[in-house]
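A short worksheet on the structure shown next.
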There are 2 protein chains.
Amino acid sequence: MNEIGKLRAADAARPRAETRIQREKQEVILAAALDVFAQHGFRGATIDQIAEAAGMSKPNLLYYFARKEDIHKQLLARLLTTWLAPLHELNAAGDPISELRSYIRKKLEMARDFPRESRLFANEMLQGAPHAIDVLEGELKALVDDKAGVLLRWMDEGRLNRTDPYHLIFSIWATTQHYADFDVQVRAVLGPERGGEGRFEDAARYLEHLFMDGLRPKAR
Amino acid sequence: MNEIGKLRAADAARPRAETRIQREKQEVILAAALDVFAQHGFRGATIDQIAEAAGMSKPNLLYYFARKEDIHKQLLARLLTTWLAPLHELNAAGDPISELRSYIRKKLEMARDFPRESRLFANEMLQGAPHAIDVLEGELKALVDDKAGVLLRWMDEGRLNRTDPYHLIFSIWATTQHYADFDVQVRAVLGPERGGEGRFEDAARYLEHLFMDGLRPKAR
DNA sequence: CTAACGTTTTTCCAACTGGTCAAATTTCCC
DNA sequence: GGGAAATTTGACCAGTTGGAAAAACGTTAG
């Protein structure tokens, strides 16, 4: 009888050397699970669904991930690191306006290129972050605290309008992720003509304008 | 044997006169279902869960709503009308800046006062709007087309900075609903001190500033 | 080539799922 | 207070769910 599966589950701290097949199949499973979890949430997704999307039988899938939760956990862990990367790159030594512009652009590109990851995260938030609350209160909060400090310094120096740095970051998250999470709505409202691929460029132009200058015409 | 349940399911066009108990229990069920659907999505929610939250047995609940989908449908239908009301109220004859300010405020209040409704809607969007796509492409698109026209006229008159009116509306939706849908994240990042009830006032102040004036300091 | 290990399939299970049905109980109107 | 209608309950069902076990099949290093 094989022990690898159980070892990996019980003893993740000392992972066994992985075979080629293990690496490949695990990727296939995670890719399939991303689709299913992103659309139906954790409870709404079934192992059968994931297995079928991954092109294998349920017991075969369970050979690689002993339980459904393990797949979800790993997906979430991967996501969170790549998700936070753009904010990490916000450079205190750079120019405030172009740093923010760049951050907004990167986040919008992530919404465009990794919409399933965004929806997976959104699902986790809607459920009250049962699997991610620790990261939110720990790593994420620390990072945002740090960057909020940077923003605040920029504001003190008069290089950015004075406002709430936390809510500023929230508003960037909200506006960019909206294009992944509410994609159906965006497409439906824009209609067939404007709802095509160009919508991300339109969004980028609009968001830049909004965040830089707002909507009120300058008095003259 | 009783027929009301089946009649109501089969012949919703000509509803029977409702008894007091029917009205009351249906409300209790819908309130309970709102909680459960908002947290777990349609597939992730179970009738047992809803029944328990409503304080009744499953067969008893099924006496009032013959199928799970019926509860969800009704919840969604109610939601959509109240959800669109604030945008309806955007008045073409008013002052652009105060109209927008007022719209943003109302949407933020809805996120604060009806977070479960917001999450129910978000869940539906994440799943690709299987039950709401018609409304999105019909009623909602028509309304947004109309109001986008108003915004465009305001821009033509120089009373609003020229920008994309559709994405403007999206950004208002995104930034306000964020405080309902991503509430856990907002609280976690703000921490115990700043994450209390005051967060909505802070958000209101910030969003007003963002939408009105943006972040770039005025050249002087 | 073959034995050990890795992988896949088949079979199975207990718990849960949405939903039915008839009997028991309660409510309401006369 | 009695009877009809409305409501609630308990027992039940077929299909699905997450998961276990072990046998059958592949792969690969010596």
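In what follows, chains carry the letters A, B, and so on, assigned in the order in which the sequence lines appear, proteins first and then strands, with residues in each chain numbered from 1. All values derive from a computational prediction rather than experimental measurement.
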N-O pairing of A:Lys106 and A:Asp113 below 4.0 Å: no
A:Arg119/A:Asp181 ion pair, N-O < 4.0 Å: no
Ring center gap for A:His88 and A:Tyr103 short of 6.0 angstrom: no
Mind calculating the distance between [atom1] ([X]) and [atom2] ([N]) to the nearest angstrom?
X       : N      : atom1 : atom2 : answer
A:Ile47 : D:dG18 : CD1   : C1'   : 5 Å
B:Gln26 : D:dA6  : CD    : P     : 14 Å
A:Tyr64 : C:dG6  : OH    : P     : 11 Å
B:Leu61 : D:dT7  : CG    : P     : 14 Å
A:Arg43 : D:dG18 : CZ    : P     : 10 Å
B:His40 : D:dT17 : NE2   : P     : 17 Å
A:Leu62 : D:dA22 : CG    : C1'   : 15 Å
A:Glu52 : D:dT17 : CD    : P     : 11 Å

Check: A:Phe114 and A:Leu120 side chains under 4.5 Å, non-hydrogen atoms: no
Sugar-phosphate, base or nothing in reach of B:Lys58, heavy atoms under 4.0 Å: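 Base contact.
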Sugar-phosphate, base or nothing in reach of A:Ala51, heavy atoms under 4.0 Å: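 Result for A:Ala51 = nothing.
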For [N], does either OP1 or OP2 sit under 4.0 Å from a side-chain N or O belonging to [X]?
X       : N      : answer
B:Arg67 : C:dG18 : no
A:Ser57 : C:dT8  : no
B:Asn60 : D:dT9  : yes

Closest nucleotide among D:dG10, C:dT9, D:dG19 to the A:Lys68 side chain: D:dG19
Minimum-distance nucleotide to B:Tyr63 side chain [options: D:dT17, C:dT9, D:dA6]: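 So the side chain of B:Tyr63 is nearest to D:dA6.
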A:Glu109 atom CD: more than 12 heavy-atom contacts under 6.0 Å: yes
